[in-house]
Each structure stands twice: as C-alpha cells, then as structure tokens.
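Working notes, structure below.
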2 protein chains.
Amino acid sequence: MQQRSEETRSKIISSAIKLFSTRGFNAASVDDICKDAEISKGAFYHHFESKQALFLALLDGWLQTIDNAIELSKDKTVPETFIQMTEAFPYIFATAGEGLPMFLEFWLQASRDDKIWQASIAPYRRYHKHFTSLIKKGVDEGSFVQVDPELTARMIVSMAMGLLLQSLLDPEGAKWEKTAREITTMMMNTLLRKEA
Amino acid sequence: MQQRSEETRSKIISSAIKLFSTRGFNAASVDDICKDAEISKGAFYHHFESKQALFLALLDGWLQTIDNAIELSKDKTVPETFIQMTEAFPYIFATAGEGLPMFLEFWLQASRDDKIWQASIAPYRRYHKHFTSLIKKGVDEGSFVQVDPELTARMIVSMAMGLLLQSLLDPEGAKWEKTAREITTMMMNTLLRKEA
DNA sequence: GAATAAAAACCGACTAGTCGGTTTGTTTTT
DNA sequence: AAAAACAAACCGACTAGTCGGTTTTTATTC
C-alpha cells in the first residue's frame with residue numbers, strides 16, 4: 001500500500017490551495033507550503049517536479065470538476081441547464097473569490113511559456129465551443145429566439161467574466177450575486193421564446 | 001533649468017512602460033529598467049522611492065488620460081458619447097492588450113496592501129458612478145428606454161471587462177473588435193428608444 | 001512468516017542566483 | 001559653496017531547486 005505517499009501528496013495539495021489562495025502564487029513559497037503541510041522539501045519535489053507543475057495539477061482538478069458538471073447536465077433541456085447554472089451562482093462567486101486571483105496571477109506570468117498557454121487555452125476554447133452549441137441547441141429545440149449562437153455565447157461569457165472580475169476588484173461595491181441573478185433574468189427574458 | 005533631471009525621469013518612465021508591458025511587472029526588474037533607460041540605480045531611486053511608487057505614477061498618468069476623455073465628452077448627448085466610445089474600440093483593445101496584463105499583475109499582489117487597494121478602487125467607483133449617471137441622463141433626456149441605470153451600468157461594464165479579458169486570454173480566438181462592435185450594436189438597439 | 005534485497009518515499013542542509021533597496025562618493029546645476 | 005542629480009559597488013533577504021544520505025514500504029525468497 002502507498003497510503004503514506006498518497007497522504008503526503010494530498011497534504012501538499014491542500015496546503016498549496018490554502019496558501020496560493022490566501023497569499024497568491026508567487027508570495028506562497030515552496031518552503032511555506034512544505035512547512036504548512038508538515039513535510040520536507042525532498043518530499044515536495046518527489047511528488048511534483050516544480051512549483052509550476054503543482055499548480056498545473058491543481059488546475060487539472062478544477063477542470064475535471066467543470067467537466068463533471070457539464071457531463072451531469074447532458075440530458076437536461078437547455079433552459080433547465082441555464083437554471084442549474086444560476087443556482088450555482090453562490091458557489092461560483094465564492095469559489096471565484098478565492099481561486100480566480102491565484103489563477104490570474106499564475107496565468108499572467110506563465111502564459112508567456114507556449115506550453116502553458118496551449119494547455120490553458122485549450123479548455124477555454126473547449127468550453128466556449130460547448131457553450132455555443134448549447135445555445136444553438138436551445139434555438140433548434142425552440143426554447144430560444146433566433147440568435148447567432150457564437151455571438152450570444154461570447155456575450156454571455158463576457159458578462160460572466162466581467163461580473164466575476166468586478167466582484168474581485170470591489171467585493172463590497174455591489175451585491176454581485178444579486179446583480180448576476182438580475183442580469184441573468186434580463187437576458188433570459190430576451191432570449192426565451194414567448195410561448196403564446 | 002532641471003532639463004536633465006526631467007529627461008532622466010521620462011527615460012525611466014518610458015523604459016518602465018516598455019518593460020512592464022512586455023515582461024510584466026515582476027519580471028521586469030529595477031536593474032532591467034535602469035539598464036534600458038541607460039541610467040544608474042541611484043538615479044532611479046532619486047526619482048522614485050520604490051518600484052511600486054513608479055507603477056503608481058504610471059497609473060496616475062493613465063487615469064488622467066481617462067479623465068480628460070470624459071471631460072471632453074461633457075457636453076455631447078448620451079448617444080453621441082456612446083458612439084465616441086465605439087470609435088475608440090481599436091485604440092482600447094490595442095492599449096488593453098499591452099497595459100491590462102501588467103495592471104492586473106500589479107493589482108493582484110498589491111491589492112493586499114490596504115493603501116493601494118483604496119487608491120485603485122476609488123477611481124473604479126468614480127467611473128462606475130459617472131457611467132451610471134450617464135445612463136440615467138440618457139433615460140432622462142429621452143434617448144434611452146426606461147431601464148435601471150445602476151444595473152445597466154454594471155451590465156455594460158461587465159461586458160466590456162469580460163470582452164477585454166477574453167481578448168487577453170485568447171487574442172486569436174475571435175475577432176474581438178468586431179465582436180465588441182456587434183454586441184454594442186445589439187445592446188444599443190434594445191437600449192435606444194425607437195422614435196416613431 | 002521471518003529475512004533480505006530492492007525500490008520508493010522522505011529529510012534537510014546547501015547551492016546558486018535574483019532582486020529591491022541602500023550607501024558612499026562624484027559630478028552637475030544653481 | 002550648497003544642493004540636486006547621478007554613478008556604481010554593495011547588502012541582506014529570499015527562493016526554486018538539488019543532492020547525498022536515511023527511513024519506510026514493497027517484493028522476493030526461503
């Protein structure tokens with residue numbers, strides 16, 4: 001059994017999440033993480049070949065969470081999927097508040113490396129594509145009015161990212177979750193076909 | 001005359017802009033900037049008390065540019081102001097591509113300092129307030145349909161920030177400028193009152 | 001099931017280098 | 001001559017990553 005090994009690995013990961021999200025990617029040193037996880041530097045570099053590799057491992061976990069959520073909503077109707085998304089708003093805003101800064105920080109410096117850029121842009125494009133076809137499906141199944149799926153997708157994603165970024169810049173500046181819900185309602189009203 | 005002194009200062013500033021935007025705030029070291037500006041470290045710290053202070057000075061310059069633009073559009077009608085904004089899209093996207101990464105990077109780590117946070121959030125709130133009252137003015141003068149100015153402002157700003165952020169993440173992923181124009185047209189169509 | 005060998009996991013001092021900032025002394029301007 | 005501007009060596013704190021050696025786990029043999 002590799003019980004101990006797995007425990008060490010997961011201790012590293014949870015300490016990393018904790019410190020990256022509170023202090024940021026750069027400000028949280030490998031030594032800090034080792035200290036918090038109560039393991040040695042040797043153990044750290046036995047499990048991860050670099051600090052960057054550790055972050056990429058974390059990223060992978062998050063992307064899988066998203067993929068799972070998408071998979072689960074596979075056979076729902078499009079409006080149902082959207083409703084499910086709105087219901088996830090509280091969780092999303094909370095998670096983004098913790099996770100988005102470290103991701104942005106990491107990405108801003110790591111994206112200069114072509115390997116990293118490719119690895120992070122691929123899922124982004126994948127999700128965009130998925131979202132576009134979701135809207136197309138909504139139009140085809142008659143739930144939505146005729147819109148350009150591509151453009152609408154970019155619009156909704158922009159809105160979401162902008163809202164998230166603003167909630168990051170000025171958390172107390174507005175009731176972001178409420179604002180998000182209101183905007184969603186507004187958009188759904190113009191998007192949903194009125195059944196006479 | 002303090003000709004030479006001013007020249008040194010402006011050499012530092014232009015080198016800083018150049019290096020911060022190409023390499024990022026952290027990756028561009030003070031030594032790099034001095035070397036590029038062909039001045040010594042002593043000169044650097046004679047003009048700016050820290051690397052952070054230098055960045056704040058740059059920020060101040062940009063904020064003034066924005067303030068000037070706002071001032072200039074003071075006595076235009078609201079739709080005219082919006083048209084002026086759309087016309088600035090090419091410039092905005094180009095500038096954001098260079099400037100936004102370094103600003104985000106700086107902000108993500110500096111915002112943990114309360115002084116910095118206050119200094120950067122104040123203009124953000126100021127602009128939001130201005131934008132909200134701009135929309136209110138549009139409604140009042142009869143150009144726009146009845147909307148909640150606060151919510152609409154948040155929506156438009158979200159859209160803008162999301163678009164900018166996406167164009168940063170995946171510059172080649174879409175024709176962002178065109179997308180921005182189309183989305184603007186779409187929003188203006190729902191916002192503008194149809195004069196019979 | 002004990003003995004043993006091999007492999008995996010782990011430790012922590014150490015390296016080599018970076019970077020923001022300081023200090024001391026010199027030149028230029030006023 | 002006084003003050004401002006500048007040059008360049010220097011400092012100290014910090015950090016990602018390495019490496020030789022140790023402990024623990026696993027596989028193998030008897």
Side-chain angles (χ1 to χ4, degrees), chain A residues 1-20 22-59 102 105-113 115-116, chain B residues 1-20 22-59 102 105-113 115-116:
Chain A
M1 250 191 278
Q2 67 285 34
Q3 191 113 2
R4 181 143 167 253
S5 174
E6 270 181 28
E7 199 186 313
T8 301
R9 193 188 153 90
S10 78
K11 277 201 289 185
I12 293 174
I13 285 183
S14 57
S15 288
I17 291 177
K18 175 176 151 193
L19 295 180
F20 282 162
T22 52
R23 302 184 196 175
F25 177 75
N26 288 301
S29 73
V30 175
D31 280 309
D32 291 338
I33 294 169
C34 292
K35 206 173 169 186
D36 187 87
E38 294 172 309
I39 52 103
S40 71
K41 228 170 176 182
F44 181 98
Y45 280 98
H46 177 76
H47 285 279
F48 300 96
E49 72 172 18
S50 68
K51 192 186 182 185
Q52 185 174 289
L54 164 62
F55 190 89
L56 256 19
L58 298 184
L59 191 59
M102 68 169 145
E105 184 188 347
F106 175 83
W107 192 86
L108 282 167
Q109 67 176 61
S111 61
R112 273 155 182 113
D113 177 335
K115 277 263 167 74
I116 305 276
Chain B
M1 252 189 277
Q2 67 284 37
Q3 191 112 2
R4 179 140 169 261
S5 174
E6 270 182 29
E7 200 185 312
T8 301
R9 191 188 153 91
S10 77
K11 277 202 289 185
I12 293 175
I13 286 182
S14 57
S15 288
I17 292 176
K18 175 177 151 192
L19 295 181
F20 283 162
T22 52
R23 301 184 196 174
F25 177 74
N26 287 302
S29 72
V30 175
D31 281 305
D32 290 338
I33 293 169
C34 292
K35 207 173 168 185
D36 187 87
E38 294 171 309
I39 52 103
S40 70
K41 233 172 173 181
F44 181 98
Y45 280 97
H46 177 75
H47 286 278
F48 300 97
E49 71 173 19
S50 68
K51 191 186 183 185
Q52 197 179 73
L54 165 61
F55 191 89
L56 256 19
L58 298 184
L59 192 59
M102 68 169 145
E105 183 188 346
F106 175 83
W107 192 85
L108 282 167
Q109 68 176 62
S111 61
R112 275 157 180 111
D113 177 334
K115 277 264 168 73
I116 304 277

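Every chain is numbered from 1, with letters handed out A, B, ... down the list of sequences. All values below come from the heavy atoms of this structure, side chains included, with hydrogens, waters and symmetry mates left out.
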Of the listed nucleotides (C:dA8, C:dG20, D:dC6), which one gets closest to any side-chain atom of B:His46? D:dC6
Let me know the distance between OH of A:Tyr45 and P of C:dC14, rounded to the nearest Å. 18 Å
To the nearest angstrom, how far is A:Glu6 atom CD from C:dA8 atom P? 15 Å
Considering heavy-atom distances to DNA chain C, does B:Asn26 or A:Gly42 have its closest nucleotide positioned more toward the 5' end? A:Gly42
Atom pair distance, as rounded to whole Å: CZ in B:Phe25 and P in C:dC19: 13 Å
Given atom CD of B:Glu7 and atom P of D:dA5, what is their separation to the nearest angstrom? 14 Å
State, with a plain yes or no, whether a side-chain heavy atom of A:Ile33 is found less than 4.5 Å away from one of A:Leu54. yes
Let's see if you get this right: which residues in residues 33-41 of chain B place a heavy atom under 4.0 Å from DNA chain C? B:Lys41
With a 4.0 Å limit, can you tell me whether B:Ser50 has a side-chain N or O closer than that to the phosphate oxygens OP1/OP2 of C:dG20? no
Can you tell me how far the OG1 atom of A:Thr8 sits from the NE2 atom of A:His47, to the nearest 0.5 Å? 5.0 Å
By nearest heavy atom, map B:Ala43 and A:Ala27 onto DNA chain D; which one lands nearer the 5' end? B:Ala43
Euclidean distance, atom CZ of residue B:Phe48 to atom P of C:dG20 [Å, nearest integer]: 15 Å
Would you indicate whether B:Lys11, at its atom NZ, is surrounded by more than 12 heavy atoms from other residues, nucleotides or ligands within a distance under 6.0 Å? yes
Can B:Gln109 and B:Asn26 be said to form a side-chain hydrogen bond (donor to acceptor under 3.5 Å, both in side chains), step by step? CA-CA 10 Å; B:Gln109 68 176 62; B:Asn26 287 302; 2.7 Å; yes
Length of the CZ-P vector between B:Phe44 and D:dA5, whole Å: 16 Å
Out of D:dT25, D:dA5, C:dG20, which has the shortest distance to the side chain of B:Ser29? C:dG20
Output yes when a side-chain donor or acceptor of A:Arg9 lies under 3.5 Å from a complementary backbone atom of A:Phe48, and no otherwise. no
Shortest side-chain distance from A:Val30, nucleotide among D:dA16, C:dC10, D:dC6: D:dA16
For the pair made of CG in B:Asp32 and P in C:dG17, what is the distance, rounded to whole Å? 17 Å
Ignoring backbone atoms, establish whether B:His47 has a side-chain N or O less than 4.0 Å from OP1 or OP2 of D:dA4. no
Can a donor-acceptor pair be found, under 3.5 Å and without considering hydrogens, that links the side chain of B:Ser10 to the backbone of B:Glu7? yes
To the nearest angstrom, the CG-C1' distance between B:Asp31 and C:dG21 comes to 10 Å
Could you tell me whether the side chain of A:Lys51 reaches within less than 4.5 Å of the side chain of A:Phe20, counting heavy atoms only? yes
